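Please read the structure below before turning to the comments.
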Amino acid sequence: FMSKVSKNVEKFLKDGEEVVSNLKGNSYTSSSNPLVRIVMAVVRIIMAILGSPTRTSVVCTDKRLILETTQKILWVFDYSSEIRAIAPRGVMQVGYSFQRSWYVFKNHYLTLVLSGTPQELVLSKDGYDGVMNMLSATESLREKVN
């Protein structure tokens, strides 16, 4: 039932570390400024046309949260990749956000607030169930620490 993690994340895992949940999607920043949102929407459309969308994988293991952000050129060639590991104490908030676009499309987002960063939104490729699985995994990760 678990979608496979990327080769980069695989190499990043420690010995014996197990993947509990994996969520793939597109990543956005959630500025409350409407002008910033409009500009970012235009940038996302241009990047999609150029075949260079920003994809994020949120991987919850039994020890930490791993975020991988990748960008491709022409949908195929790797352009950039960034991997961050967040200790359980660094996960300030996780949540769920729903937004309907064009009255037809339902978008399910995982919202993340990590220590020292603005809120991030990850548009789930696995819909509502993908977000709920990640929320559950992240909550149990946080409980291990407290």
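All of these numbers come straight from a predicted model, not from anything done at the bench.
- Residues satisfying the salt bridge (charged side-chain N to carboxylate O under 4.0 Å, His left out) test with Arg64, not counting sequence neighbours, are Glu17.
- For Thr70, the side chain to side chain donor-acceptor pair (under 3.5 Å) criterion is met by no residue, not counting sequence neighbours.
- Of all heavy-atom pairs spanning Ser21 and Ala137, the tightest one is CB-CB, 3.5 Å.
- Both Val122 and Met132 belong to a common hydrophobic cluster when Ile, Leu, Val, Met, Phe, Trp and Tyr are linked at side-chain heavy-atom distances under 4.5 angstrom.
- Between Lys4 and Glu10, the closest side-chain pair of non-hydrogen atoms falls below 4.5 Å.
- The pair Arg142-Glu139 counts as a salt bridge, with a side-chain nitrogen and a carboxylate oxygen less than 4.0 angstrom apart.
- Atom OH of Tyr109 is separated from atom CG of Leu123 by 5.0 Å, given to the nearest 0.5 angstrom.
- With a 4.5 Å cut-off on side-chain heavy atoms, Val58 and Leu112 count as touching.
- In this structure, the side chain of Thr138 engages the main chain of Met134 through a donor-acceptor pair within 3.5 Å.
- Counting heavy atoms from C-beta outward, Thr56 and Asn26 have side chains that stay 4.5 Å or more apart.
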Taking it one step at a time, do Lys106 and Gln99 satisfy side chain to side chain contact (heavy atoms under 4.5 Å, CB included)?
-> CA-CA 6 Å; Lys106 292 180 181 179; Gln99 195 172 1; over 6 Å; no
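- Between Val94 and Val91, the closest heavy-atom pair is CG1-CG1, 3.8 Å.
- In this structure the side chain of Thr61 reaches within 4.5 angstrom of the side chain of Leu13, judged on heavy atoms.
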Just distance, no hydrogens or angles: give the donor-acceptor pairs under 3.5 Å from side chains in residues 77-85, sequence neighbours left out.
from, atom 1, to, atom 2, distance (Å)
Asp78, OD1, Lys72, NZ, 2.5
Ser81, OG, Asn8, ND2, 3.3
Arg84, NH2, Glu120, OE2, 2.9

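- Here the side chains of Asp126 and Lys24 are not in contact, with every heavy-atom distance at 4.5 Å or above.
- In this structure, the separation between CG on Asp62 and CG on Leu141 is 8.5 Å, given to the nearest 0.5 Å.
- Glu68 places no side-chain N or O within donor-acceptor distance of the main-chain N or O of Ser57, the cut-off being under 3.5 Å.
- You'll find the side chain of Leu114 reaches within 4.5 Å of the side chain of Leu65, heavy atoms only.
- Residues passing the side chain to side chain donor-acceptor pair (under 3.5 Å) test with Gln93, sequence neighbours excluded: none.
- The shortest non-hydrogen separation linking Ser97 to Thr111 is CB-CG2, 3.7 Å.
- Of the inter-residue distances, the one linking Ser52 atom OG with Ile46 atom CD1 reads 11.5 Å to the nearest 0.5 angstrom.
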Step by step, work out the side chain to side chain contact (heavy atoms under 4.5 Å, CB included) result for Lys125 and Arg55.
-> CA-CA 10 Å; Lys125 291 237 181 282; Arg55 304 260 191 248; 3.7 Å; yes
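- Residues Val19 and Ile66 form no side-chain contact, since every pair of their non-hydrogen atoms from C-beta on lies 4.5 Å or further apart.
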Let me see the working for Leu23 and Asn133 under side chain to side chain contact (heavy atoms under 4.5 Å, CB included), right down to the final yes or no.
-> CA-CA 8 Å; Leu23 180 76; Asn133 286 339; over 6 Å; no
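- For residues 119-139, every residue pair satisfying the ring pair (Phe, Tyr, Trp, His ring centres under 6.0 Å) rule, not counting sequence neighbours, is listed here: Tyr96-Tyr128, His108-Tyr128.
- Residues Leu135 and Leu67 fall within the same hydrophobic cluster, defined by Ile, Leu, Val, Met, Phe, Trp and Tyr side chains chained together at heavy-atom separations under 4.5 Å.
- Atoms CD1 and OG1, on Ile86 and Thr117 in that order, are 8.0 Å from each other to the nearest 0.5 Å.
- When the side chain to side chain donor-acceptor pair (under 3.5 Å) test is applied to Thr69, no partner is found at least two apart in sequence or on another chain.
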